[in-house]
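Values reported hereafter were calculated over all heavy atoms of this structure, with side chains retained and with hydrogens, waters and symmetry mates removed. Quick note on labels: first sequence line is chain A, next is B, and so on, each numbered from 1.
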There are 2 protein chains.
Amino acid sequence: MTPVIQGKVRRNDEDAIGCGDGNTYYRVVLTVPARTSPASAATSRDVAKAANVSQALVSRAFSGNGRIAPETRDRILKVAAEIGWRPNALAASMVTGDAPLVSVITTRLSFDWRAQVLSHLLKAFEAWHLQPLLFYAESDREVDRLLAETISWRTRGVVVTAGVVPEARAEAILSRGQFLAALNRPGNHPEAFSIATDNPIGGRQAATVLLGEGRGRFLALAGPEDSWASSRRVDGFVDGLGQAGHQPMVWHNATMTTEAGLACADRLLALPPNERPDGVFSTNDAIALGFIDGLRGSGMTIPQDLSIIGFDNLPASSWTPYQLTSFEQPLDAMVLGVLDHIHAHQQPEAAQPPSAPEAHRLGADGVIYCAPRLVLRQTTRGQL
Amino acid sequence: MTPVIQGKVRRNDEDAIGCGDGNTYYRVVLTVPARTSPASAATSRDVAKAANVSQALVSRAFSGNGRIAPETRDRILKVAAEIGWRPNALAASMVTGDAPLVSVITTRLSFDWRAQVLSHLLKAFEAWHLQPLLFYAESDREVDRLLAETISWRTRGVVVTAGVVPEARAEAILSRGQFLAALNRPGNHPEAFSIATDNPIGGRQAATVLLGEGRGRFLALAGPEDSWASSRRVDGFVDGLGQAGHQPMVWHNATMTTEAGLACADRLLALPPNERPDGVFSTNDAIALGFIDGLRGSGMTIPQDLSIIGFDNLPASSWTPYQLTSFEQPLDAMVLGVLDHIHAHQQPEAAQPPSAPEAHRLGADGVIYCAPRLVLRQTTRGQL
DNA sequence: ATGAAAGCGCTAACAT
DNA sequence: ATGTTAGCGCTTTCAT
């Protein structure tokens with residue numbers, strides 16, 4: 001079949017746009033005629049009629065619940081396929097009071113860890129026949145509103161990967177029997193599930209590495225002060241250094257981007273050489289990568305003059321010009337943990353220990369902390 | 001409120017895991033008691049009872065359809081908020097035969113263009129109060145199956161950002177009145193909406209730039225042969241060079257990753273110096289970035305010995321060590337186009353010209369092509 | 001301005 | 001093994 005546009009194309013010559021590429025573009029309006037028959041959606045009743053059975057049998061043919069003769073089943077399935085009918089999951093959820101739907105709160109998928117999180121989550125949901133309904137928060141302030149909108153869809157629960165969960169909202173969600181799973185942030189409720197990278201440990205390990213190199217002036221490149229993960233990483237770093245009698249400078253950044261990293265490099269270079277830190281821990285890789293770029297051409301060399309450790313282990317961190325020592329977040333373990341929780345929520349009787357194979361500890365705040373994995377590269381010279 | 005875990009923590013000492021970080025991790029099993037009341041979900045009837053009105057009024061209070069006294073409305077809204085009730089969108093869709101749901105087919109969100117696409121789409125949906133239901137395809141082979149699963153949810157239509165849409169499937173979707181929007185791929189049906197980057201134009205422009213520099217030996221770093229976008233970019237490149245009497249080598253790669261780019265660099269370096277291409281067009285930035293890294297330390301300098309142009313304009317392409325000349329895909333225009341189509345689909349009578357401000361042309365294949373934007377950086381020395 | 005009642009497309013309990 | 005029936009929680013006529 002050759003796809004042929006059968007609509008009318010309206011081309012306004014006054015809308016011609018030259019692009020300097022030797023081509024002329026037009027604003028084009030394509031009008032495709034609507035289908036003659038608005039396709040009144042088929043129902044199980046239509047299938048039943050066509051297969052000469054009762055409507056209930058159609059339901060049974062697809063669900064597998066209740067008795068049905070195999071040959072009847074096959075006939076129904078064949079007829080349904082011809083008509084192009086599948087059970088309406090929305091209608092089914094009316095009756096059963098449950099749809100295999102999960103709400104997911106996410107935010108801008110920039111060049112960072114978030115896209116990876118979402119990707120892993122989506123893959124896991126697909127594997128478990130859970131349908132993710134996405135709620136996009138442009139800023140953290142919108143998260144609570146989205147959490148509220150979530151309830152219109154009567155999903156099994158909500159996975160939060162952005163912003164903070166207000167206590168009252170957590171209670172509201174849990175009290176209607178939904179699960180609440182917070183990824184890399186506190187759940188703010190005793191019954192919420194929360195799993196996160198062990199940020200303080202990462203910070204402490206970073207301190208250990210830098211101290212082991214004999215560094216003496218330390219700097220933490222942090223995110224916003226209200227960023228939970230970043231703050232915890234700094235806490236651990238401060239802690240680890242403190243035990244050795246050191247204390248780092250902490251530079252906060254409004255955004256955790258490469259641009260912020262470049263600015264931090266400028267700030268460092270503005271210091272008198274003898275006051276410049278030589279042991280830097282960045283609470284994410286994006287800042288660290290920008291920082292490294294900002295130091296290029298300044299005469300400062302890594303790791304001779306300065307060591308730097310990042311967090312996230314982005315793909316770019318292993319690229320030739322960076323070779324950034326970093327922490328890999330235990331993404332698989334965390335996603336596994338979330339799915340374990342969802343299953344346990346669905347079948348409380350069959351509750352089994354979480355299958356996450358990674359090491360983890362339970363914090364006093366109810367958060368399950370999974371250890372990050374240190375990936376040593378060329379921006380440090382130490383061994384653990 | 002201090003979050004206090006009230007469940008029992010079971011700690012198996014035999015599961016102790018040392019991590020070499022001075023901490024000991026345990027596999028921890030946390031048992032939180034189930035809520036005493038399984039929270040039988042509230043319904044509009046509960047709200048009605050509490051507000052001393054009929055159930056129908058509750059519906060009117062929220063929908064705004066039908067007459068209702070303002071004070072009654074306020075009372076109902078207040079009561080509903082106390083109870084924590086919101087209209088069940090699934091139930092509503094039963095009656096109205098329509099839910100503000102959109103299916104989105106996506107795939108692995110790796111370090112590439114896809115995360116950006118999804119991010120923009122999600123943001124647009126949020127702005128238009130459309131709820132995206134995500135379908136994740138680990139490989140292109142799964143796309144058709146997901147397309148079929150899509151129909152269980154009676155969404156308004158489906159946006160495809162991965163894989164190919166079989167003609168029969170397109171027809172099945174469209175025949176039930178759903179829209180079908182393909183992003184950066186053909187819709188394979190006259191009534192499907194398809195919008196894509198003008199890949200051939202990009203390829204041709206790349207040729208123009210490289211020819212303008214006086215390059216004489218050309219190479220295209222391509223993706224798999226069945227990649228629609230990559231192939232069209234190569235087509236344009238071959239075309240543009242052909243008009244000047246040149247012909248490039250074309251190296252196909254199974255994956256369009258930095259790793260593939262590194263391998264291509266090795267392949268180039270294995271050629272005798274006088275046979276090496278000096279004008280390279282990569283059909284995506286990831287390959288180009290890997291290629292640049294692969295050339296480091298080889299003695300070949302960019303853009304003296306060799307120019308390279310990528311496609312996608314990834315964030316990393318503007319980083320100091322790369323400064324890659326590239327094409328920015330007209331993402332905003334494409335997403336806008338998709339949303340225009342969805343609106344037109346919903347209200348055919350109010351059909352209005354697409355609001356995408358970018359230049360675009362209508363291909364003979366029914367695809368709306370939006371011009372990419374050339375971003376000149378340091379891996380080329382030419383001017384357009 | 002409000003209420004009563006029908007019914008969306010299904011599943012599940014019950015009857016045959 | 002199959003059919004009949006009663007809803008699920010809403011929106012929407014239609015009455016009052």
Side-chain angles (χ1 to χ4, degrees), chain A residues 38-77 79-80 83-101 151-156 176-178, chain B residues 38-77 79-80 83-101 151-156 176-178:
Chain A
S40 58
T43 74
S44 62
R45 220 170 297 266
D46 299 325
V47 177
K49 210 169 295 171
N52 251 317
V53 291
S54 72
Q55 180 268 333
L57 264 187
V58 176
S59 173
R60 271 169 234 165
F62 275 82
S63 71
N65 298 341
R67 278 180 243 297
I68 184 173
E71 54 271 26
T72 313
R73 206 185 91 100
D74 292 345
R75 193 173 77 244
I76 294 175
L77 258 34
V79 169
I83 296 184
W85 180 89
R86 278 214 185 200
N88 180 335
L90 271 39
S93 80
M94 280 288 71
V95 186
T96 61
D98 171 71
L101 244 27
I151 87 166
S152 285
W153 297 96
R154 308 301 197 261
T155 57
R156 291 197 179 159
R176 60 167 49 81
Q178 298 182 290
Chain B
S40 57
T43 74
S44 62
R45 220 171 296 267
D46 298 323
V47 177
K49 211 170 294 172
N52 250 316
V53 291
S54 73
Q55 180 267 332
L57 264 188
V58 177
S59 173
R60 270 168 233 167
F62 275 81
S63 71
N65 299 341
R67 277 180 244 297
I68 185 172
E71 55 271 26
T72 314
R73 204 185 93 100
D74 291 346
R75 193 173 78 245
I76 293 175
L77 258 33
V79 169
I83 296 184
W85 180 87
R86 280 214 186 201
N88 180 334
L90 271 40
S93 80
M94 280 287 71
V95 186
T96 61
D98 171 71
L101 244 26
I151 88 165
S152 285
W153 297 97
R154 307 303 197 259
T155 57
R156 291 198 179 157
R176 61 166 49 80
Q178 298 181 290

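Checking side-chain atoms of A:Q178 against main-chain N and O of A:T155 turns up a donor-acceptor pair under 3.5 Å. Panel note: side chain B:R60, backbone B:N65; no donor-acceptor pair is recorded below 3.5 Å.
Remark: C1' of D:dC8 and CD of B:Q55 are 12 Å apart, rounded to the nearest angstrom. One can place CZ of A:R67 at 15 Å from P of C:dA12, the figure rounded to the nearest angstrom. Distance, A:F62 CZ to C:dG9 C1': 14 Å, rounded to whole Å. In this entry the distance linking CD1 of B:I68 with P of D:dT12 reads 14 Å, nearest Å. Atom CZ in B:R45 sits roughly 12 Å away from atom P in C:dA5 (whole-Å rounding). In this structure, CH2 of A:W153 is placed 14 Å from C1' of D:dG9, rounded to the nearest angstrom. Rounded to an integer number of Å, the gap from CG of A:D46 to P of C:dC8 is 12 Å. For A:L57 and C:dA13, the CG to P distance is 16 Å, given to the nearest whole Å.
If you check every strand for non-hydrogen atoms under 4.0 Å, B:V53 touches sugar and phosphate atoms only.
Listed pair A:W85 / C:dC10 meets the phosphate criterion, a side-chain N or O lying under 4.0 Å from OP1 or OP2. Side-chain N/O atoms of A:S59 include one lying less than 4.0 angstrom from OP1 or OP2 on C:dT11. Within the structure, a side-chain polar atom (N or O) of A:R154 is placed less than 4.0 Å from OP1 or OP2 of D:dC10. At the phosphate of D:dT4, neither OP1 nor OP2 sits under 4.0 Å from any side-chain N or O atom of A:S54. OP1 and OP2 of C:dT11 both lie 4.0 Å or more from every side-chain N or O belonging to A:N65. When the side-chain nitrogen and oxygen atoms of A:S44 are compared with OP1 and OP2 of C:dG9, none of them lie within a distance under 4.0 Å. Between B:T72 and C:dT2 there is a side-chain N or O to OP1 or OP2 distance below 4.0 Å.
Checking A:T96 against A:P70, the closest nucleotide of DNA chain D that is more toward the 5' end is the one next to A:P70. Across the interface with DNA chain C, nearest-nucleotide mapping of B:G66 and B:V95 shows B:G66 to be the residue nearer the 5′ end. Where A:A69 and B:R60 meet DNA chain D, the nucleotide closest to each residue was compared, and A:A69 sits on the side nearer the 5' end.
Summarising the geometry of A:A41 relative to A:D46, their closest heavy-atom pair is O-OD2, 4.2 Å, with the distance given to 0.1 Å. Here the closest non-hydrogen pair linking B:G84 and A:I151 is O-CD1, 3.5 Å.
In this structure, CH2 on B:W153 lies 7.0 Å from OG on A:S93, to the nearest 0.5 angstrom. B:I68 contributes atom CD1, which lies 4.5 Å from atom CG of B:L57 (distance to the nearest 0.5 angstrom). To the nearest 0.5 Å, the span separating CZ on A:F62 from CZ on A:R73 amounts to 8.5 Å. The distance from the CG atom of A:L77 to the OG1 atom of A:T72 is 11.5 Å, given to the nearest 0.5 Å.
Looking at residues 87-94 of chain A, you'll see A:N88, A:A91, A:A92, A:M94 sit with a heavy atom under 4.0 Å from some atom of DNA chain C.
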